[in-house]
Amino acid sequence: MPDLHLDGRPLCVAPGTTVAAALALGGDGSSRTSISGQRRAPLCGMGICQECRVSIDGVRRLACQTLCQDGMQVETQA
Amino acid sequence: MSEHADVLIIGAGPAGLSAALAAANDGAQVVLLDDNPLPGGQIWRDGAQANIPSQARHLRDSVEAHTHIQRHAATRVVAKAGSQALLVENPERGWVITYRSLILCTGARELLLPFPGWTLPGVTGAGGLQALIKGGMPVVDERIVIAGSGPLLLASADTAKHHGAQVVRIAEQAPLGAVATFAMQLPRWPHKLLQSFSLFDAGYRTGTRIVAALGQDHLEGVRLQRGNKVEELACERLACGFGLIPNVQLGQALGCALGNNAIQVDAWQATDVAGVYAAGECTGFGGSELALVEGRIAGHVAAGNREAAQRLWGERQRWQRFAGSLNQHFALDPTLKHLAAPDTLLCRCEDVPYAAVAAHANWREAKLSTRCGMGACQGKVCGAAAHYLFDWPPVAPRPPFTPTRIETLIQLESAAQSEH
Ligand SMILES: Cc1cc2nc3c(=O)[nH]c(=O)nc-3n(C[C@H](O)[C@H](O)[C@H](O)COP(=O)(O)OP(=O)(O)OC[C@H]3O[C@@H](n4cnc5c(N)ncnc54)[C@H](O)[C@@H]3O)c2cc1C
């Protein structure tokens, strides 16, 4: 059972859980703020739209194509 | 650092997996890469809440166990790196893969169209919702509306219900007559996707389209329209997709000719670029059975075994007829071109409204003056929407094809130097 941090809060998820799912399990589901200030969440679920991009251990990655791992630090984009 | 493959395959869905196995069994050294963490593509997407059929499991295990197949997960194609080489990147590193033959099995994505409120958190694609649920997103006791077009709406509804959601409405834009004709042909096609197809779901409505997603900071409800009747429903999620569009960008960038918005192939699954083949949904929508047989044909041909490939032509023809029927009956109604309001964002990366884009004569002009299509998704969402809305043909992407780390891009230079 991967243990990770989402915006500083601890979260434990089932194996095989994507970071996109973790955003909903441990937060309000949103991933980033758009350039005009709207909050956004995963849209396509399959690596195309880039709406779900978050910072994972300091690197920008797509939440929908990344599996949760032990010790991951996930930060949504304010 | 570089790697060599006799046959390099992009995409590990049904087409890519079956191509890899066919080519490897013919003796070729195969490299198979996919941008997802797990193999399977769309239909066999694996994850915390996924249920993979045994046929898929078997194919996946055979690929995993084969000594001639090297598989790279979470790996994307960044750029062309010479005449028969691609620069690729995974979360740890970037490298060049050279190849003798290349098979594109890049599949399809959903057509997502702009309508008021579509940027609200809570709104996803239809297949998008299914993919997110398979990845472990909880939907228990949520009220969900599914809208758009095609059999995928029902497949998505099925997944959502199975995971405890309440699907309050499925709104199909195609008219009842077309959907009924399609449904009547179904007994002829023992197709997985269609087993979930039922016109008798209590919430299923034909001739019904999305008007707006409602809410301030997140989705609170939807407005739907059927004929002159408008209906508002409260819900926590809206999943909306308008059918599938082939992922042709990589093929386009390599110079492959397109036809019908898909990568054009001959009877050998060969594109018009020497040594480059394509199979599965990047060559047109047809479902997983067609993708599987096309993949096997391409794999055999790329490995030099034309006899084995030719023996599969009959099987392919059968599934092609099914694809034709599907495309005909779920044709999009022209009213969908007018879903967006002037201030509805068309480009979600650069927040460019519909009216700003519509004021231009073509995509190039719109891009240069509004920045639409120049953000992180590189026009994969808004460019496809603009193609449908304004008939602006999609242009070949420029490298890097995906947001890429500098350290990876630097390798392009050394690849160019070693060419000379
Ligand atoms: C969202 C969605 C949901 C679907 N759900 C169903 C369903 O429930 N039932 C059903 O019968 N059919 C479904 N389909 C139809 C389905 O696509 C086909 O039946 C089948 O999966 C097609 O197989 P394929 O191998 O051609 O492509 P896909 O399965 O789409 O596989 C293509 C793979 O290539 C990867 N890829 C693409 N480009 C690159 C690149 N540049 N670099 C690296 N990797 C890349 C993709 O991420 C994907 O994993 C769905 C389609 C979509 C788009």
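The sequence lines fix the lettering, A, B, ..., with proteins before strands; numbering per chain opens at 1.
- No other option in B:Ala131, B:Pro91, B:Gly127 has as many heavy-atom pairs under 4.5 Å with chain A as B:Pro91.
- Using a 4.5 Å cut-off between heavy atoms, A:Leu62 touches chain B through its side chain atoms alone.
- Contact of B:Leu120 with chain A is not made at all, since no heavy-atom distance falls under 4.5 Å.
- Interface residues of residues 67-78 of chain A toward chain B, defined by a heavy-atom distance below 4.5 Å and sorted by number: A:Leu67.
- Here A:Ser34 is the residue among A:Ala41, A:Ser34, A:Cys64, A:Gly29 with the most heavy-atom pairs under 4.5 Å with chain B.
- Counting heavy-atom pairs closer than 4.5 Å to chain A, the top-ranked of the candidates B:Val381, B:Thr119, B:Leu38, B:Leu132 is B:Thr119.
- There is no contact between B:Ile133 and chain A, counting heavy-atom distances below 4.5 Å.
- Residues passing the salt bridge (Lys or Arg N to Asp or Glu O under 4.0 Å) test with B:Arg60 are B:Asp46, sequence neighbours excluded.
- A heavy-atom distance below 4.5 Å is found between the side chains of A:Arg60 and B:Pro403.
- Applying the 6.0 Å contact sphere to CZ of B:Arg398 captures no more than 12 heavy atoms from other residues, nucleotides or ligands.
- Between B:Asp351 and A:Ser36 the shortest heavy-atom distance is OD2-OG, 2.6 Å.
- Of the residues considered (B:Gln42, B:Lys134, B:Gln130, B:Arg405), B:Gln42 shows the highest number of contacts with chain A, using heavy-atom pairs under 4.5 Å.
- Contacts between residues 47-54 of chain A and chain B, defined by a heavy-atom separation under 4.5 Å, are made by A:Gly47, A:Ile48, A:Cys49, A:Gln50, A:Glu51, A:Arg53.
- Annotation: A:His5, atom NE2; neighbour count of heavy atoms from other residues, nucleotides and ligands within 6.0 Å is above 12.
- Taking CG from A:Leu43 and CG from B:Leu129, the interatomic distance works out to 11.0 Å, rounded to the nearest 0.5 Å.
- Both the backbone and the side chain of A:Pro42 have a heavy atom closer than 4.5 Å to some heavy atom of chain B.
- Put simply, CG on B:Asp35 and CD on A:Gln65 are 4.0 Å apart, with the number rounded to the nearest 0.5 Å.
- For chain B, the nearby part of A:Arg61 is the side chain; its heavy atoms alone come within less than 4.5 Å.
- Note: B:Arg348 leads B:Glu350, B:Arg348, B:Lys380 in heavy-atom pairs under 4.5 Å with chain A.
- At a heavy-atom separation below 4.5 angstrom, chain B is approached by A:Thr17, A:Thr18, A:Ala20, A:Ala21, A:Ala24, A:Leu25 within residues 17-27 of chain A.
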